[in-house]
Amino acid sequence: VYGWLDSLALDEQQNTDPRALAIDQGRLGDRRAVPQLVAMIQDEGADVRIRREAGAILGKLADPKATAGLLAALNAREPSVAAEAAIALG
């Protein structure tokens, strides 16, 4: 399975957004995307929709490595991101 997931990896010749790749990997249940997803939910400059999606995926993955990042996201300036982090934490 990881070989197939790795085939989704960013190809140097493609102009693919690494955030979209992390979202896709997370949707497929690949916990290796957790660090990127945590960075996305904490990025105050990122699109709110992307941040909320990252939070929702982190909640589904339920990886303990995401806990600190989700706790930090509880203090997000955008209330919907903070709410998504709270939901993800359970």
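Note that this is a predicted model, so its numbers are computed, not measured. When a residue number appears, it is its place in the shown sequence, counting from 1.
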Rounded to the nearest 0.5 angstrom, the CD-CZ distance for Gln42 and Arg51 is 9.0 Å
Here the gap from Glu78 atom CD to Ile41 atom CD1, rounded to the nearest 0.5 Å, amounts to 11.5 Å
Requested in this report: Starting from the C-alpha separation in whole Å, work towards a yes-or-no answer on side-chain contact (heavy atoms from CB on, under 4.5 Å) for Asp63 and Leu58.
Outcome: CA-CA 7 Å; Asp63 192 310; Leu58 287 168; over 6 Å; no
Shortest non-hydrogen pair, Asp47 vs Arg49, comes out as OD1-N, 2.7 Å
Rounding to 0.5 Å, atoms CD (Glu84) and CD1 (Ile87) come to a distance of 5.0 Å
dist Arg77:CZ -> Glu44:CD (nearest 0.5 Å) comes out at 4.0 Å
Minimal heavy-atom distance between Ala33 and Gly26, with the atoms involved, is CB-N, 4.0 Å
In this structure, CD1 of Ile23 is separated from CE of Met40 (nearest 0.5 Å) by 3.5 Å
In short, Gly55 meets Ala88 closest at the heavy-atom pair O-CB, 3.4 Å
Rounded to the nearest 0.5 angstrom, the CZ-CD1 distance for Arg52 and Ile57 is 13.0 Å
Residues passing the salt bridge (charged side-chain N to carboxylate O under 4.0 Å, His left out) test with Asp43, sequence neighbours excluded, are none
Count I, L, V, M, F, W, Y as connected when their side-chain heavy atoms are under 4.5 Å apart, and connections chain through other members. Are Leu71 and Val34 then in the same cluster? yes
Nearest heavy-atom approach of Leu37 to Ala22 is CD2-O, 3.9 Å
Hydrophobic clusters here meaning ILVMFWY residues chained together by side-chain heavy-atom distances under 4.5 Å, can you tell me if Leu28 and Val38 are in one? no
- Query: Any chain of hydrophobic side-chain contacts (each under 4.5 Å) joining Ile50 to Leu21?
  - Reply: no
Checklist entry - Should the pair Glu53-Arg27 be classified as a salt bridge under the 4.0 Å nitrogen-to-oxygen rule? => result yes
